[in-house]
Amino acid sequence: MPTDPVLDELTSLDVDHEMMPCDPALADTADFCAAYGIDPRDSANAILVAGRADPRPYALCLVLATHRLDVNGVVRRRLGTRKASFAGADETAGLTGMAIGGVTPFGLRGSVPIWIDAAVMQRPTVVIGGGTRDRKIRLSPAALTCLPGAEVVEGLARPAGPPDG
């Protein structure tokens, strides 16, 4: 019988959560929020970043949809590399077992540090990826800190300006 690593970890950590079905075509954050009436301030993206070194260091960063990850500053310094970038779709799927649009810190294949921007912790609840593009998870941000390797990082991301500004 196949298992679901995301649901298995949510259960093993006793995380109170709501599973939200999602049309896979609407899994990208802006589309999801618009289609399902979710405030982007209550939606957090899980972004895999990689440092340019050998071996490549990785971290999974959680940031609000209204914020931009500081890849060239805080992330790069924390990875201990001269350069860092977003991991590509294939690299993300290979390391996490999840497609972009469904990436979540729960049920990761390997041990990757999980860095949570402090702004995420200020929300009453957040909606994050569900491990696949056909579902999302709503939970308390405090539940994220029970993940092995999870750390809240001040200034990991900065508020984004208006889309056309």
Side-chain angles (χ1 to χ4, degrees), residues 1-24 26-29 32-33 36-51 55-71 74-75 78-80 84 86-87 89-157:
M1 173 187 258
T3 63
D4 183 321
V6 173
L7 295 178
D8 292 348
E9 187 164 33
L10 286 164
T11 300
S12 72
L13 295 172
D14 197 26
V15 171
D16 186 27
H17 67 282
E18 173 192 352
M19 200 58 73
M20 303 172 68
C22 171
D23 178 339
L26 300 172
D28 294 327
T29 304
F32 173 80
C33 289
Y36 293 94
I38 302 297
D39 186 331
R41 294 174 299 176
D42 293 327
S43 180
N45 294 317
I47 303 164
L48 184 68
V49 291
R56 277 170 77 82
Y58 293 96
L60 187 71
C61 301
L62 252 75
V63 301
L64 294 176
T66 55
H67 285 57
R68 295 292 170 256
L69 188 60
D70 186 9
V71 176
V74 175
V75 172
R78 288 181 63 87
L79 286 172
F86 298 121
D90 291 341
E91 193 173 16
T92 296
L95 191 71
T96 67
M98 302 171 207
I100 291 175
V103 178
T104 184
F106 293 94
L108 293 174
R109 278 190 179 157
S111 79
V112 176
I114 299 166
W115 299 339
I116 306 161
D117 182 57
V120 172
M121 304 307 292
Q122 304 306 310
R123 306 306 301 167
T125 63
V126 289
V127 176
I128 62 173
T132 62
R133 290 182 60 87
D134 66 353
R135 66 185 185 193
K136 300 287 183 182
I137 302 167
R138 185 190 320 253
L139 45 65
S140 162
L144 297 166
T145 62
C146 70
L147 285 158
E151 180 183 354
V152 176
V153 178
E154 195 68 46
L156 187 66

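Computed from heavy atoms alone, side chains included, the values below leave out hydrogens, waters and symmetry copies. Start at 1 with the first residue, then count along the sequence.
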Rounded distance (nearest 0.5 Å) linking atom [atom1] of [X] with atom [atom2] of [Y]:
| X | Y | atom1 | atom2 | value |
| --- | --- | --- | --- | --- |
| Leu10 | Asp16 | CG | CG | 10.5 Å |
| Asp42 | Ile128 | CG | CD1 | 13.0 Å |
| Leu139 | Phe106 | CG | CZ | 5.5 Å |
| Trp115 | Leu79 | CH2 | CG | 4.0 Å |
| Leu108 | Leu95 | CG | CG | 8.0 Å |
| Arg133 | Leu26 | CZ | CG | 9.0 Å |

Might you point out which heavy atoms bring [X] and [Y] nearest each other, and give the distance in Å?
| X | Y | result |
| --- | --- | --- |
| Ile116 | Ala150 | CD1-CB, 4.2 Å |
| Pro105 | Ala46 | CD-CB, 4.5 Å |
| Pro148 | Ile114 | O-CD1, 3.9 Å |
| Ala157 | Asp117 | N-OD1, 3.0 Å |
| Cys33 | Pro40 | SG-CA, 3.9 Å |
| Pro24 | Asp134 | CG-CB, 3.9 Å |

Does [Y] offer a backbone N or O that forms a donor-acceptor pair with the side chain of [X] under 3.5 Å?
| X | Y | result |
| --- | --- | --- |
| Arg123 | Arg41 | yes |
| Lys136 | Glu18 | no |
| Ser12 | Glu9 | yes |

Does the side chain of Met121 come within less than 4.5 Å of Thr145's, by heavy atoms?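 Sidechains of Met121 and Thr145: in contact.
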
For Val153 and Val74: C-alpha separation, side-chain torsions, deciding distance, then whether side chain to side chain contact (heavy atoms under 4.5 Å, CB included) applies. CA-CA 9 Å; Val153 178; Val74 175; 4.2 Å; yes

Quick one: do Val15 and Ile137 satisfy side chain to side chain contact (heavy atoms under 4.5 Å, CB included)? Show the steps, please. CA-CA 11 Å; Val15 171; Ile137 302 167; over 6 Å; no

Begin from the C-alpha positions of Val127 and Tyr36 and carry the test side chain to side chain contact (heavy atoms under 4.5 Å, CB included) through to its verdict. CA-CA 11 Å; Val127 176; Tyr36 293 94; over 6 Å; no

Are Val126 and Arg138 close enough, and set up right, to give a side chain to side chain contact (heavy atoms under 4.5 Å, CB included), and what steps lead you there? CA-CA 6 Å; Val126 289; Arg138 185 190 320 253; over 6 Å; no

Have a look at Val49 and tell me which of Val112, Val75, Thr92 forms a side-chain contact (heavy atoms from CB on, under 4.5 Å) with it.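 It is Val75, the one option of Val112, Val75, Thr92 that forms the side-chain contact (heavy atoms from CB on, under 4.5 Å) with Val49.
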
